[in-house]
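Everything below concerns the one structure shown next.
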2 protein chains.
Amino acid sequence: MPSPLPSRTRGPKPTKVDPDHLLDAAQAVFAEEGLRAASLRAIARRAGCDPALIYYHFASKEALFLALLNRRFPALLRDMARLAEPTDLRPTPLRLWDVLLIYHRYFKDDPGIRALIRGEIVRGAEGLGHLIEDQIRPMVGSIRQIFEQGIARGEVRPEVQPLMATFFLAKMQLEILDVLPAVLPLLTELPPEGAVLTGMRAWLEILWRGVALDASSPLPTLPSPLV
Amino acid sequence: MPSPLPSRTRGPKPTKVDPDHLLDAAQAVFAEEGLRAASLRAIARRAGCDPALIYYHFASKEALFLALLNRRFPALLRDMARLAEPTDLRPTPLRLWDVLLIYHRYFKDDPGIRALIRGEIVRGAEGLGHLIEDQIRPMVGSIRQIFEQGIARGEVRPEVQPLMATFFLAKMQLEILDVLPAVLPLLTELPPEGAVLTGMRAWLEILWRGVALDASSPLPTLPSPLV
DNA sequence: ACCAATATTCAACACCTGTTGAATTGGACC
DNA sequence: GGTCCAATTCAACAGGTGTTGAATATTGGT
(Lines give C-alpha, C1' and ligand atoms only; values in the text may rest on other atoms or scores of the structure.)
Protein backbone atom coordinates (compact mmCIF):
# COMPACT_ATOMS: atom_id res chain seq x y z
CA MET A 1 0.00 0.00 0.00
CA PRO A 2 1.66 3.22 -1.08
CA SER A 3 -0.99 5.25 0.64
CA PRO A 4 0.89 6.92 3.49
CA LEU A 5 4.42 6.68 2.02
CA PRO A 6 6.06 8.76 4.73
CA SER A 7 8.23 11.27 2.89
CA ARG A 8 11.56 11.96 4.55
CA THR A 9 11.73 15.61 3.63
CA ARG A 10 9.85 17.25 6.44
CA GLY A 11 11.07 18.51 9.74
CA PRO A 12 13.80 21.01 10.53
CA LYS A 13 16.66 21.32 8.09
CA PRO A 14 20.28 20.86 9.19
CA THR A 15 20.82 24.57 8.55
CA LYS A 16 17.86 26.52 9.73
CA VAL A 17 16.16 29.10 7.56
CA ASP A 18 16.10 32.02 9.92
CA PRO A 19 13.75 34.95 9.32
CA ASP A 20 16.59 37.17 8.22
CA HIS A 21 17.37 34.84 5.35
CA LEU A 22 13.73 35.00 4.35
CA LEU A 23 13.89 38.78 4.43
CA ASP A 24 16.92 38.72 2.16
CA ALA A 25 15.09 36.59 -0.36
CA ALA A 26 11.97 38.71 -0.08
CA GLN A 27 13.96 41.87 -0.65
CA ALA A 28 15.57 40.45 -3.76
CA VAL A 29 12.27 39.30 -5.24
CA PHE A 30 10.41 42.48 -4.34
CA ALA A 31 13.25 44.34 -6.02
CA GLU A 32 13.08 42.34 -9.23
CA GLU A 33 9.36 41.88 -9.58
CA GLY A 34 7.92 44.93 -7.95
CA LEU A 35 5.68 45.02 -4.97
CA ARG A 36 2.46 43.53 -6.28
CA ALA A 37 3.93 41.08 -8.73
CA ALA A 38 6.27 39.45 -6.23
CA SER A 39 4.69 36.17 -5.19
CA LEU A 40 5.28 34.25 -2.01
CA ARG A 41 6.11 31.21 -4.06
CA ALA A 42 8.86 33.10 -5.83
CA ILE A 43 10.23 34.32 -2.53
CA ALA A 44 10.14 30.82 -1.10
CA ARG A 45 11.89 29.46 -4.18
CA ARG A 46 14.58 32.07 -3.74
CA ALA A 47 14.99 31.23 -0.09
CA GLY A 48 15.06 27.52 -0.85
CA CYS A 49 12.08 26.60 1.26
CA ASP A 50 8.36 25.99 1.08
CA PRO A 51 5.94 28.92 0.84
CA ALA A 52 4.23 27.74 3.97
CA LEU A 53 7.37 28.32 5.98
CA ILE A 54 7.00 32.02 5.41
CA TYR A 55 3.77 31.83 7.36
CA TYR A 56 5.60 30.24 10.23
CA HIS A 57 7.76 33.34 10.59
CA PHE A 58 5.43 36.06 9.31
CA ALA A 59 1.71 36.48 9.59
CA SER A 60 1.08 37.43 5.97
CA LYS A 61 2.66 38.78 2.85
CA GLU A 62 2.04 42.28 4.07
CA ALA A 63 3.66 41.56 7.44
CA LEU A 64 6.67 40.22 5.59
CA PHE A 65 6.96 43.43 3.67
CA LEU A 66 6.53 45.53 6.79
CA ALA A 67 9.30 43.57 8.47
CA LEU A 68 11.44 44.37 5.47
CA LEU A 69 10.76 48.04 5.93
CA ASN A 70 11.46 47.94 9.63
CA ARG A 71 14.84 46.47 8.85
CA ARG A 72 15.79 49.37 6.60
CA PHE A 73 14.09 52.54 7.70
CA PRO A 74 15.48 53.11 11.19
CA ALA A 75 19.06 53.54 9.97
CA LEU A 76 17.89 55.76 7.14
CA LEU A 77 15.89 57.92 9.50
CA ARG A 78 18.84 58.20 11.87
CA ASP A 79 21.15 59.35 9.08
CA MET A 80 18.59 61.83 7.88
CA ALA A 81 17.96 63.22 11.34
CA ARG A 82 21.66 63.66 12.00
CA LEU A 83 21.93 65.59 8.76
CA ALA A 84 19.21 67.97 9.84
CA GLU A 85 20.78 68.95 13.16
CA PRO A 86 21.04 72.72 13.44
CA THR A 87 24.63 72.39 14.56
CA ASP A 88 25.56 71.36 11.04
CA LEU A 89 26.73 74.68 9.66
CA ARG A 90 27.97 73.54 6.27
CA PRO A 91 26.57 75.30 3.19
CA THR A 92 22.98 74.29 2.49
CA PRO A 93 23.66 72.92 -1.02
CA LEU A 94 26.16 70.51 0.47
CA ARG A 95 23.62 69.32 2.99
CA LEU A 96 21.05 68.86 0.25
CA TRP A 97 23.59 66.87 -1.69
CA ASP A 98 23.95 64.67 1.35
CA VAL A 99 20.23 64.07 1.28
CA LEU A 100 20.57 62.80 -2.27
CA LEU A 101 23.49 60.62 -1.22
CA ILE A 102 21.49 59.06 1.59
CA TYR A 103 18.70 58.25 -0.83
CA HIS A 104 21.30 56.81 -3.13
CA ARG A 105 22.78 54.67 -0.40
CA TYR A 106 19.52 53.25 0.89
CA PHE A 107 17.35 53.01 -2.20
CA LYS A 108 19.71 52.43 -5.08
CA ASP A 109 19.41 48.66 -5.10
CA ASP A 110 15.91 48.38 -3.75
CA PRO A 111 13.20 49.16 -6.28
CA GLY A 112 10.69 47.43 -4.04
CA ILE A 113 10.95 50.04 -1.35
CA ARG A 114 11.19 52.78 -3.95
CA ALA A 115 7.95 51.62 -5.48
CA LEU A 116 6.36 51.73 -2.08
CA ILE A 117 7.35 55.19 -0.96
CA ARG A 118 6.65 56.29 -4.48
CA GLY A 119 3.14 55.52 -5.44
CA GLU A 120 1.86 52.27 -4.10
CA ILE A 121 1.29 54.13 -0.89
CA VAL A 122 -1.38 56.09 -2.62
CA ARG A 123 -3.74 53.47 -3.92
CA GLY A 124 -4.33 50.07 -2.47
CA ALA A 125 -1.94 49.19 0.35
CA GLU A 126 -4.44 50.01 3.04
CA GLY A 127 -2.60 48.29 5.84
CA LEU A 128 0.50 50.30 5.08
CA GLY A 129 -1.12 53.60 5.86
CA HIS A 130 0.58 54.13 9.15
CA LEU A 131 3.90 53.71 7.42
CA ILE A 132 3.51 57.26 6.28
CA GLU A 133 2.94 58.41 9.82
CA ASP A 134 5.82 56.49 11.27
CA GLN A 135 8.54 56.53 8.65
CA ILE A 136 7.97 58.97 5.86
CA ARG A 137 6.81 61.90 7.91
CA PRO A 138 10.00 62.13 9.99
CA MET A 139 12.05 61.78 6.83
CA VAL A 140 10.16 64.62 5.21
CA GLY A 141 10.51 66.58 8.43
CA SER A 142 14.28 66.31 8.41
CA ILE A 143 14.68 67.51 4.85
CA ARG A 144 12.23 70.27 5.48
CA GLN A 145 14.29 71.48 8.42
CA ILE A 146 17.33 71.80 6.21
CA PHE A 147 15.42 74.13 3.93
CA GLU A 148 14.07 76.11 6.86
CA GLN A 149 17.52 76.48 8.36
CA GLY A 150 18.75 77.55 4.93
CA ILE A 151 16.17 80.31 4.88
CA ALA A 152 17.07 81.39 8.42
CA ARG A 153 20.73 81.50 7.48
CA GLY A 154 20.05 83.66 4.46
CA GLU A 155 21.10 81.05 1.94
CA VAL A 156 17.66 80.13 0.63
CA ARG A 157 15.08 82.57 -0.70
CA PRO A 158 12.39 83.16 1.93
CA GLU A 159 9.61 82.77 -0.65
CA VAL A 160 10.53 79.12 -1.12
CA GLN A 161 7.98 76.81 0.52
CA PRO A 162 10.07 74.27 2.45
CA LEU A 163 7.55 71.48 2.09
CA MET A 164 7.26 71.87 -1.65
CA ALA A 165 11.01 72.05 -2.02
CA THR A 166 11.30 68.87 0.01
CA PHE A 167 8.78 67.15 -2.21
CA PHE A 168 10.65 68.20 -5.32
CA LEU A 169 14.07 67.25 -4.03
CA ALA A 170 13.11 63.83 -2.76
CA LYS A 171 10.67 62.85 -5.48
CA MET A 172 13.07 63.66 -8.26
CA GLN A 173 15.85 61.74 -6.62
CA LEU A 174 13.65 58.66 -6.62
CA GLU A 175 12.91 59.17 -10.30
CA ILE A 176 16.60 59.57 -11.03
CA LEU A 177 17.39 56.33 -9.26
CA ASP A 178 14.46 54.54 -10.80
CA VAL A 179 14.01 55.42 -14.42
CA LEU A 180 16.92 57.54 -15.54
CA PRO A 181 19.28 54.59 -16.14
CA ALA A 182 16.56 52.78 -18.04
CA VAL A 183 15.27 55.70 -20.05
CA LEU A 184 18.43 57.58 -20.93
CA PRO A 185 19.85 54.94 -23.27
CA LEU A 186 16.54 54.83 -25.10
CA LEU A 187 16.54 58.54 -25.78
CA THR A 188 20.21 59.16 -26.36
CA GLU A 189 23.36 57.27 -27.17
CA LEU A 190 24.65 57.75 -23.66
CA PRO A 191 25.49 54.60 -21.73
CA PRO A 192 23.50 53.99 -18.55
CA GLU A 193 26.54 53.66 -16.30
CA GLY A 194 27.02 57.21 -15.19
CA ALA A 195 23.39 58.16 -15.69
CA VAL A 196 22.46 58.25 -12.03
CA LEU A 197 25.38 60.36 -10.90
CA THR A 198 25.13 62.69 -13.87
CA GLY A 199 21.44 63.11 -13.21
CA MET A 200 21.96 63.78 -9.52
CA ARG A 201 24.53 66.50 -10.19
CA ALA A 202 22.43 68.15 -12.89
CA TRP A 203 19.42 67.99 -10.62
CA LEU A 204 21.03 69.57 -7.59
CA GLU A 205 22.60 72.21 -9.78
CA ILE A 206 19.22 73.29 -11.13
CA LEU A 207 17.35 72.91 -7.87
CA TRP A 208 19.92 74.84 -5.90
CA ARG A 209 19.97 77.71 -8.39
CA GLY A 210 16.21 77.62 -8.16
CA VAL A 211 16.00 78.03 -4.42
CA ALA A 212 19.18 79.96 -3.59
CA LEU A 213 18.95 83.52 -2.43
CA ASP A 214 21.97 84.35 -4.51
CA ALA A 215 21.53 82.31 -7.67
CA SER A 216 24.89 83.34 -9.03
CA SER A 217 26.83 81.90 -6.11
CA PRO A 218 28.79 78.88 -7.28
CA LEU A 219 27.97 75.38 -6.09
CA PRO A 220 30.51 73.85 -3.76
CA THR A 221 32.23 70.77 -5.14
CA LEU A 222 29.98 67.78 -4.57
CA PRO A 223 31.71 64.61 -3.38
CA SER A 224 30.87 61.36 -5.15
CA PRO A 225 29.04 58.66 -3.24
CA LEU A 226 31.13 56.00 -1.61
CA VAL A 227 30.47 52.73 -3.37
CA MET B 1 -36.16 18.69 -18.09
CA PRO B 2 -34.39 21.93 -17.43
CA SER B 3 -31.30 20.67 -19.24
CA PRO B 4 -31.10 22.88 -22.36
CA LEU B 5 -33.23 25.77 -21.15
CA PRO B 6 -32.36 28.05 -24.06
CA SER B 7 -31.44 31.35 -22.45
CA ARG B 8 -32.72 34.38 -24.32
CA THR B 9 -29.78 36.57 -23.50
CA ARG B 10 -27.39 35.91 -26.34
CA GLY B 11 -27.11 37.55 -29.67
CA PRO B 12 -26.70 41.21 -30.54
CA LYS B 13 -28.07 43.72 -28.10
CA PRO B 14 -30.61 46.36 -29.17
CA THR B 15 -27.93 48.98 -28.65
CA LYS B 16 -24.60 47.73 -29.83
CA VAL B 17 -21.51 47.93 -27.67
CA ASP B 18 -19.14 49.62 -30.03
CA PRO B 19 -15.38 49.49 -29.44
CA ASP B 20 -15.28 53.10 -28.36
CA HIS B 21 -17.59 52.37 -25.48
CA LEU B 22 -15.29 49.54 -24.46
CA LEU B 23 -12.36 51.92 -24.58
CA ASP B 24 -14.21 54.34 -22.32
CA ALA B 25 -14.81 51.62 -19.77
CA ALA B 26 -11.25 50.37 -20.06
CA GLN B 27 -9.89 53.84 -19.52
CA ALA B 28 -11.98 54.31 -16.39
CA VAL B 29 -10.93 50.99 -14.91
CA PHE B 30 -7.28 51.40 -15.82
CA ALA B 31 -7.49 54.78 -14.17
CA GLU B 32 -8.96 53.46 -10.94
CA GLU B 33 -7.10 50.20 -10.58
CA GLY B 34 -3.81 50.88 -12.25
CA LEU B 35 -2.41 49.11 -15.23
CA ARG B 36 -1.66 45.64 -13.91
CA ALA B 37 -4.49 45.36 -11.44
CA ALA B 38 -7.21 46.25 -13.92
CA SER B 39 -8.93 43.03 -14.94
CA LEU B 40 -10.85 42.36 -18.08
CA ARG B 41 -13.77 41.23 -16.00
CA ALA B 42 -13.86 44.59 -14.26
CA ILE B 43 -13.72 46.38 -17.57
CA ALA B 44 -16.50 44.22 -18.97
CA ARG B 45 -18.62 44.82 -15.88
CA ARG B 46 -18.11 48.54 -16.36
CA ALA B 47 -19.05 48.35 -20.00
CA GLY B 48 -22.08 46.21 -19.20
CA CYS B 49 -21.08 43.25 -21.27
CA ASP B 50 -19.36 39.90 -21.08
CA PRO B 51 -15.56 39.69 -20.87
CA ALA B 52 -15.52 37.58 -23.99
CA LEU B 53 -16.92 40.43 -26.00
CA ILE B 54 -13.72 42.34 -25.47
CA TYR B 55 -11.96 39.62 -27.42
CA TYR B 56 -14.34 40.13 -30.28
CA HIS B 57 -13.14 43.69 -30.68
CA PHE B 58 -9.56 43.47 -29.42
CA ALA B 59 -7.01 40.72 -29.71
CA SER B 60 -5.83 40.82 -26.12
CA LYS B 61 -5.65 42.93 -23.00
CA GLU B 62 -2.48 44.50 -24.27
CA ALA B 63 -4.06 45.33 -27.61
CA LEU B 64 -6.90 46.98 -25.76
CA PHE B 65 -4.48 49.13 -23.86
CA LEU B 66 -2.56 50.03 -27.00
CA ALA B 67 -5.80 51.07 -28.67
CA LEU B 68 -6.40 53.28 -25.66
CA LEU B 69 -3.05 54.93 -26.14
CA ASN B 70 -3.56 55.43 -29.84
CA ARG B 71 -6.75 57.26 -29.05
CA ARG B 72 -4.98 59.78 -26.82
CA PHE B 73 -1.43 60.32 -27.90
CA PRO B 74 -1.80 61.78 -31.39
CA ALA B 75 -3.62 64.88 -30.16
CA LEU B 76 -1.15 65.30 -27.31
CA LEU B 77 1.79 65.03 -29.67
CA ARG B 78 0.23 67.54 -32.03
CA ASP B 79 -0.27 70.07 -29.23
CA MET B 80 3.25 69.55 -28.02
CA ALA B 81 4.76 69.89 -31.47
CA ARG B 82 2.86 73.10 -32.12
CA LEU B 83 4.22 74.48 -28.87
CA ALA B 84 7.79 73.76 -29.94
CA GLU B 85 7.62 75.61 -33.25
CA PRO B 86 10.46 78.12 -33.53
CA THR B 87 8.04 80.79 -34.65
CA ASP B 88 6.65 80.88 -31.12
CA LEU B 89 8.57 83.82 -29.72
CA ARG B 90 6.91 84.12 -26.32
CA PRO B 91 9.15 84.04 -23.23
CA THR B 92 10.50 80.57 -22.53
CA PRO B 93 8.98 80.26 -19.03
CA LEU B 94 5.55 80.81 -20.54
CA ARG B 95 6.15 78.07 -23.07
CA LEU B 96 7.34 75.72 -20.34
CA TRP B 97 4.21 76.54 -18.39
CA ASP B 98 2.24 75.52 -21.46
CA VAL B 99 4.01 72.19 -21.39
CA LEU B 100 2.79 71.68 -17.86
CA LEU B 101 -0.72 72.70 -18.92
CA ILE B 102 -0.73 70.16 -21.74
CA TYR B 103 0.30 67.44 -19.32
CA HIS B 104 -2.43 68.65 -17.03
CA ARG B 105 -5.00 68.53 -19.77
CA TYR B 106 -4.18 65.07 -21.08
CA PHE B 107 -3.07 63.22 -17.99
CA LYS B 108 -4.97 64.74 -15.12
CA ASP B 109 -7.79 62.23 -15.09
CA ASP B 110 -5.90 59.26 -16.42
CA PRO B 111 -3.62 57.58 -13.90
CA GLY B 112 -3.51 54.52 -16.12
CA ILE B 113 -1.59 56.30 -18.83
CA ARG B 114 0.45 58.16 -16.25
CA ALA B 115 1.49 54.88 -14.70
CA LEU B 116 2.50 53.66 -18.11
CA ILE B 117 4.67 56.53 -19.25
CA ARG B 118 5.99 56.65 -15.74
CA GLY B 119 7.47 53.37 -14.75
CA GLU B 120 5.68 50.39 -16.10
CA ILE B 121 7.55 51.07 -19.28
CA VAL B 122 10.70 50.16 -17.50
CA ARG B 123 10.06 46.66 -16.28
CA GLY B 124 7.68 44.14 -17.68
CA ALA B 125 5.55 45.55 -20.48
CA GLU B 126 7.62 43.96 -23.21
CA GLY B 127 5.12 44.46 -25.97
CA LEU B 128 4.91 48.14 -25.25
CA GLY B 129 8.54 48.83 -25.98
CA HIS B 130 7.96 50.51 -29.27
CA LEU B 131 5.63 52.93 -27.56
CA ILE B 132 8.71 54.75 -26.40
CA GLU B 133 9.99 54.98 -29.92
CA ASP B 134 6.73 56.12 -31.40
CA GLN B 135 5.11 58.32 -28.81
CA ILE B 136 7.40 59.37 -26.01
CA ARG B 137 10.44 60.20 -28.07
CA PRO B 138 8.69 62.88 -30.14
CA MET B 139 7.17 64.32 -26.97
CA VAL B 140 10.58 64.53 -25.34
CA GLY B 141 11.92 65.99 -28.55
CA SER B 142 9.43 68.83 -28.53
CA ILE B 143 10.14 69.86 -24.96
CA ARG B 144 13.83 69.60 -25.57
CA GLN B 145 13.53 71.96 -28.51
CA ILE B 146 11.95 74.56 -26.29
CA PHE B 147 14.96 74.47 -24.00
CA GLU B 148 17.37 74.58 -26.93
CA GLN B 149 15.57 77.56 -28.41
CA GLY B 150 15.67 79.17 -24.98
CA ILE B 151 19.43 78.80 -24.93
CA ALA B 152 19.75 80.18 -28.45
CA ARG B 153 17.62 83.16 -27.50
CA GLY B 154 19.75 83.92 -24.47
CA GLU B 155 17.02 83.16 -21.96
CA VAL B 156 18.37 79.84 -20.67
CA ARG B 157 21.87 79.26 -19.33
CA PRO B 158 23.97 77.50 -21.96
CA GLU B 159 25.34 75.03 -19.39
CA VAL B 160 21.88 73.56 -18.94
CA GLN B 161 21.58 70.14 -20.59
CA PRO B 162 18.30 70.28 -22.52
CA LEU B 163 17.61 66.57 -22.20
CA MET B 164 18.08 66.57 -18.45
CA ALA B 165 15.95 69.66 -18.07
CA THR B 166 13.24 67.97 -20.11
CA PHE B 167 13.39 64.91 -17.92
CA PHE B 168 13.09 67.02 -14.79
CA LEU B 169 10.27 69.18 -16.09
CA ALA B 170 8.13 66.34 -17.37
CA LYS B 171 8.81 63.81 -14.66
CA MET B 172 8.01 66.19 -11.87
CA GLN B 173 4.80 67.25 -13.52
CA LEU B 174 3.67 63.64 -13.54
CA GLU B 175 4.52 63.33 -9.87
CA ILE B 176 2.61 66.50 -9.12
CA LEU B 177 -0.45 65.18 -10.91
CA ASP B 178 -0.10 61.75 -9.41
CA VAL B 179 0.87 61.91 -5.78
CA LEU B 180 0.77 65.49 -4.63
CA PRO B 181 -3.01 65.58 -4.05
CA ALA B 182 -2.81 62.31 -2.15
CA VAL B 183 0.29 63.02 -0.14
CA LEU B 184 -0.13 66.66 0.75
CA PRO B 185 -3.10 66.18 3.11
CA LEU B 186 -1.16 63.47 4.91
CA LEU B 187 1.78 65.71 5.60
CA THR B 188 0.06 69.00 6.20
CA GLU B 189 -3.34 70.34 7.00
CA LEU B 190 -3.76 71.71 3.52
CA PRO B 191 -6.77 70.48 1.57
CA PRO B 192 -6.04 68.56 -1.64
CA GLU B 193 -8.14 70.80 -3.85
CA GLY B 194 -5.59 73.34 -4.94
CA ALA B 195 -2.65 71.03 -4.45
CA VAL B 196 -1.99 70.36 -8.11
CA LEU B 197 -2.09 73.97 -9.22
CA THR B 198 -0.09 75.16 -6.23
CA GLY B 199 2.47 72.49 -6.91
CA MET B 200 2.70 73.33 -10.60
CA ARG B 201 3.32 77.00 -9.90
CA ALA B 202 5.90 76.32 -7.20
CA TRP B 203 7.60 73.86 -9.47
CA LEU B 204 7.88 76.10 -12.49
CA GLU B 205 9.04 78.93 -10.29
CA ILE B 206 11.94 76.90 -8.94
CA LEU B 207 12.77 75.19 -12.20
CA TRP B 208 12.77 78.41 -14.16
CA ARG B 209 15.01 80.19 -11.66
CA GLY B 210 17.22 77.13 -11.89
CA VAL B 211 17.70 77.24 -15.63
CA ALA B 212 17.30 80.94 -16.44
CA LEU B 213 20.28 82.91 -17.57
CA ASP B 214 19.11 85.82 -15.48
CA ALA B 215 17.73 84.22 -12.34
CA SER B 216 16.50 87.51 -10.97
CA SER B 217 14.18 88.18 -13.90
CA PRO B 218 10.60 87.91 -12.76
CA LEU B 219 8.32 85.13 -13.95
CA PRO B 220 5.56 86.26 -16.29
CA THR B 221 2.07 85.74 -14.93
CA LEU B 222 1.05 82.17 -15.50
CA PRO B 223 -2.51 81.63 -16.71
CA SER B 224 -4.59 78.99 -14.96
CA PRO B 225 -5.63 75.91 -16.89
CA LEU B 226 -9.03 75.99 -18.54
CA VAL B 227 -11.23 73.50 -16.79
C1' DA C 1 15.04 7.08 26.85
C1' DC C 2 11.29 9.77 26.59
C1' DC C 3 8.83 14.14 25.72
C1' DA C 4 7.92 18.56 24.21
C1' DA C 5 8.94 22.30 21.40
C1' DT C 6 10.51 23.89 17.08
C1' DA C 7 11.02 24.02 12.19
C1' DT C 8 9.75 22.28 8.01
C1' DT C 9 6.84 20.32 4.13
C1' DC C 10 2.61 18.58 1.76
C1' DA C 11 -1.71 19.00 -0.07
C1' DA C 12 -5.39 21.34 -0.51
C1' DC C 13 -8.80 25.41 -0.48
C1' DA C 14 -11.16 29.23 -2.63
C1' DC C 15 -10.53 32.72 -5.59
C1' DC C 16 -8.89 35.42 -9.47
C1' DT C 17 -6.63 35.91 -13.99
C1' DG C 18 -6.42 36.08 -19.41
C1' DT C 19 -8.23 33.44 -22.96
C1' DT C 20 -11.02 30.39 -26.06
C1' DG C 21 -14.65 27.51 -28.57
C1' DA C 22 -19.16 26.67 -29.06
C1' DA C 23 -23.80 28.19 -28.89
C1' DT C 24 -27.13 31.61 -29.71
C1' DT C 25 -29.64 35.52 -31.45
C1' DG C 26 -30.92 39.65 -34.32
C1' DG C 27 -30.80 42.00 -38.47
C1' DA C 28 -29.72 42.67 -43.38
C1' DC C 29 -29.78 41.02 -47.95
C1' DC C 30 -31.66 38.41 -51.89
C1' DG D 1 -39.05 33.56 -46.41
C1' DG D 2 -34.53 31.66 -46.22
C1' DT D 3 -29.60 32.48 -45.55
C1' DC D 4 -25.64 34.41 -43.99
C1' DC D 5 -23.03 37.41 -41.12
C1' DA D 6 -22.08 40.20 -37.16
C1' DA D 7 -22.55 40.64 -32.24
C1' DT D 8 -23.11 38.68 -27.95
C1' DT D 9 -23.01 35.29 -24.08
C1' DC D 10 -21.93 30.88 -21.62
C1' DA D 11 -19.06 27.69 -19.74
C1' DA D 12 -14.96 26.16 -19.25
C1' DC D 13 -9.67 25.76 -19.23
C1' DA D 14 -5.13 26.13 -17.37
C1' DG D 15 -2.51 28.59 -14.48
C1' DG D 16 -1.51 31.72 -10.78
C1' DT D 17 -2.44 33.79 -6.00
C1' DG D 18 -2.46 34.12 -0.67
C1' DT D 19 -3.43 31.15 2.90
C1' DT D 20 -4.23 27.16 6.15
C1' DG D 21 -4.38 22.58 8.72
C1' DA D 22 -2.37 18.53 9.28
C1' DA D 23 1.66 15.62 9.10
C1' DT D 24 6.44 14.98 10.09
C1' DA D 25 11.29 15.16 11.28
C1' DT D 26 14.94 17.20 14.26
C1' DT D 27 16.68 19.11 18.42
C1' DG D 28 17.20 20.01 23.31
C1' DG D 29 15.94 19.20 28.03
C1' DT D 30 15.29 16.17 31.78
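Naming convention: chains lettered A, B, ... in sequence-line order (proteins, then strands); numbering from 1 in each chain. Here the structure is a predicted model, which is why all the values come from computation and not from measurement.
Among dT8(D), dG18(C), dT9(D), the nucleotide with an atom closest to any side-chain atom of Leu40(B) is dG18(C). Closest to the side chain of Tyr56(B), from the set dA6(D), dA7(C), dT19(C), is dA6(D). Distance from the side chain of Tyr55(B) is smallest for dG18(C) among the nucleotides dT8(D), dG18(C), dT8(C). Distance from the side chain of Asp50(B) is smallest for dT9(D) among the nucleotides dT9(D), dT19(D), dT19(C). Closest to the side chain of Ala52(A), from the set dG18(D), dG21(C), dG21(D), is dG21(D).
The CG atom of Leu53(A) sits 17 Å away from the P atom of dG21(D) (whole-angstrom rounding). Atom C1' of nucleotide dC16(C) and atom CD of Glu33(B) are separated by 13 Å, given to the nearest angstrom. Between the CD1 atom of Ile43(B) and the C1' atom of dT17(C) there is a distance of 12 Å, rounded to whole Å. Between the C1' atom of dT19(D) and the CZ atom of Phe58(A) lies a distance of 16 Å, rounded to the nearest Å. Atom CD1 in Ile54(B) sits about 13 Å away from atom C1' in dT17(C), given to the nearest Å. Taking atom NE2 of His57(B) as the reference point, atom C1' of dA7(D) lies 7 Å away to the nearest angstrom. Taking atom CD on Glu62(A) and atom C1' on dT19(D), their separation rounds to 14 Å, with Å as the unit.
We find that Asp178(B) and Lys108(B) are not joined by a salt bridge, their nearest charged nitrogen and carboxylate oxygen being 4.0 Å or further apart. Comment: Glu205(B) does not engage Arg201(B) in a salt bridge, judged by the lack of any side-chain N to carboxylate O separation of less than 4.0 angstrom. With salt bridges taken as basic N to acidic carboxylate O contacts below 4.0 Å, none links Asp88(A) and Arg82(A). The pair Lys171(B)-Glu175(B) fails the salt-bridge criterion, with no side-chain N (NZ, NE, NH1 or NH2) lying under 4.0 Å from an Asp/Glu carboxylate O. A salt bridge is defined here as a Lys NZ or Arg NE, NH1 or NH2 lying under 4.0 Å from an Asp or Glu carboxylate O, and Asp24(A) with Arg46(A) fails to meet this definition.
When heavy atoms are screened at a 4.0 angstrom cut-off, Ala38(A) is found touching the sugar-phosphate backbone but no base atom.
The residue among Ala42(B) and Ala59(B) whose nearest nucleotide of DNA chain C lies closer to the 5′ end is Ala42(B). Nearest-nucleotide positions on DNA chain D for Arg41(B) and Asp18(B) put Asp18(B) closer to the 5' end.
Phosphate proximity of dT17(D) to Ser39(A): present, with a side-chain N or O under 4.0 Å from OP1 or OP2.
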